[in-house]
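The analysis underlying the following values was restricted to heavy atoms, covering all of them including side chains, and did not include hydrogens, waters or symmetry mates.
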Amino acid sequence: RLRMGLASEVGADHLGTEIAKRLTAIEDRRSRVHWRSYEAFARDLELQRSMIVGPLADKDPALALQFLWRFLAMAEGLFTLVDDGRGQIEEAFRAGVAAAGDIAARAHPEPVAMADQVVALLAADSEQILGDLVSSLIPALDESGLAALRARLQQVLDTKPRGRPGVRAAVQALADAQGDVEGYIGAVPEAEARLPMA
């Protein structure tokens with residue numbers, strides 16, 4: 001924490017280097033997190049998130065957004081290594097999702113590139129941790145951004161209509177944001193559309 005604090009005083013590149021080191025170490029981990037190490041591991045993960053969405057985003061939003069995508073991509077693998085009964089690991093990722101819209105609004109990413117990144121994250125999200133990502137991003141997107149993201153997600157949905165529920169929910173959220181009622185309804189599989197209301 002102290003090293004990162006000092007790095008943030010020097011500049012975004014230095015802080016980014018420190019964050020990259022820690023993310024690489026977490027990504028490369030293959031052993032399970034022992035219950036005695038759970039708290040320290042959760043604190044480390046939260047520290048990386050807070051540095052990305054805080055000091056780094058303040059200094060260089062575009063760089064922070066790149067690191068946030070990388071951070072969120074770790075969710076899929078980490079839950080195979082840790083028993084998150086206390087929910088601290090999940091909370092760190094959900095907090096990262098919640099910050100995505102604000103950082104994207106400041107970073108102004110290229111719409112198609114961001115759409116590809118979001119699709120990759122949602123398609124891999126078997127734990128359904130990142131389900132609110134598109135909803136978080138919608139306020140930061142202009143019409144071209146909304147259209148690009150919806151088109152890419154729709155491609156996934158057309159290929160695997162029974163695929164990740166998060167992809168379908170994201171298409172519906174975008175259709176809703178665009179005022180497209182038919183598109184919203186069209187994202188519901190035909191078999192499910194026949195089911196009675198609970």
Side-chain angles (χ1 to χ4, degrees), residues 19-20 22-24 26-27 29 33 41-42 44-54 56-57 61-107 109-141 145-146 148-177 184 187-189:
I19 293 172
R22 288 306 306 146
L23 294 187
T24 297
I26 296 171
E27 290 165 339
R29 186 183 183 108
V33 177
F41 185 79
D44 186 16
L45 198 65
E46 173 57 20
L47 174 61
Q48 308 317 310
R49 184 206 65 82
S50 65
M51 286 292 171
I52 291 168
V53 306
L56 187 59
L63 183 60
L65 190 60
Q66 292 178 29
F67 275 109
L68 183 60
W69 299 145
R70 184 175 170 184
F71 176 84
L72 295 177
M74 296 192 304
E76 183 68 11
L78 284 186
F79 286 97
T80 65
L81 299 177
V82 60
D83 178 2
D84 191 35
R86 282 173 269 183
Q88 292 173 241
I89 307 300
E90 179 177 338
E91 180 55 33
F93 286 112
R94 291 195 183 278
V97 166
D102 175 66
I103 298 175
R106 288 185 277 163
E110 196 279 321
V112 174
M114 187 175 77
D116 288 341
Q117 182 66 66
V118 172
V119 167
L121 287 170
L122 292 180
D125 184 28
S126 63
E127 298 290 335
Q128 299 300 298
I129 301 298
L130 312 181
D132 292 331
L133 181 57
V134 167
S135 295
S136 174
L137 290 168
I138 283 174
L141 300 174
L146 290 171
L149 183 52
R150 184 175 172 187
R152 287 290 291 110
L153 288 165
Q154 190 65 53
Q155 288 176 358
V156 175
L157 202 59
D158 290 343
T159 303
K160 297 180 179 180
R162 292 183 175 275
R164 302 295 190 205
V167 174
R168 186 198 316 161
V171 170
Q172 290 178 312
L174 289 163
D176 184 46
Y184 184 98
V188 180

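Closest heavy-atom contact between Ala107 and Leu65: CB-CD2, 4.1 Å. Heavy-atom minimum distance, Leu133 versus Ala100: CD1-CB, 3.7 Å. Taking both residues in full, the closest heavy atoms of Ser135 and Ala173 are given as OG-CB, 4.0 Å, listed atom of the first, atom of the second, then distance. Closest non-hydrogen pair, Ala104 versus Pro109, comes out as O-CD, 3.3 Å. Taking each heavy atom of Leu122 and Val167 in turn, the nearest pair found is CB-CG2, 4.1 Å. The two residues Val53 and Ala99 make their nearest non-hydrogen contact at CG1-CB, 3.6 Å.
Residues Leu45 and Met74 form a side-chain contact, since some pair of their non-hydrogen atoms from C-beta on lies under 4.5 Å apart.
One finds a salt bridge joining Arg49 and Glu46 here, because a Lys/Arg side-chain nitrogen approaches an Asp/Glu carboxylate oxygen to under 4.0 Å.
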Steps toward side chain to side chain contact (heavy atoms under 4.5 Å, CB included) verdict (Met114, Leu141) | CA-CA 10 Å; Met114 187 175 77; Leu141 300 174; 2.9 Å; yes
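Using modelled atom types, no side-chain atom of Glu90 and backbone atom of Ile129 make a donor-acceptor pair closer than 3.5 Å.
Heavy-atom contacts from other residues, nucleotides or ligands closer than 6.0 Å to CG of Asp83 number 12 or fewer.
Pairs passing the ring-ring contact (aromatic ring centres under 6.0 Å, His included) check and including a residue from residues 64-86, sequence neighbours excluded, read Phe71-Phe93.
With rounding to the nearest 0.5 Å, the separation of OG1 in Thr24 from CZ in Arg70 is 4.0 Å. Here Leu63 contributes atom CG and Leu68 contributes atom CG; the two are 11.5 Å apart, rounded to the nearest 0.5 Å. The distance from the CD1 atom of Ile138 to the CG atom of Leu149 is 8.0 Å, given to the nearest 0.5 Å. Annotation: the span from Leu130 atom CG to Asp125 atom CG amounts to 4.0 Å, rounded to 0.5 Å. To the nearest 0.5 Å, the span separating CG on Asp44 from CZ on Arg22 amounts to 4.0 Å. To the nearest 0.5 Å, the span separating CD1 on Ile103 from CD1 on Ile52 amounts to 8.0 Å.
Residues passing the side chain to side chain donor-acceptor pair (under 3.5 Å) test with Gln172, sequence neighbours excluded: none. Looking at residues two or more places apart in sequence or on another chain, you find a side-chain contact (heavy atoms from CB on, under 4.5 Å) between Arg86 and Tyr38, Glu39, Gln88.
With Gln154 as the fixed residue, the side-chain contact (heavy atoms from CB on, under 4.5 Å) test singles out one of Leu174, Thr159, Val171: Val171.
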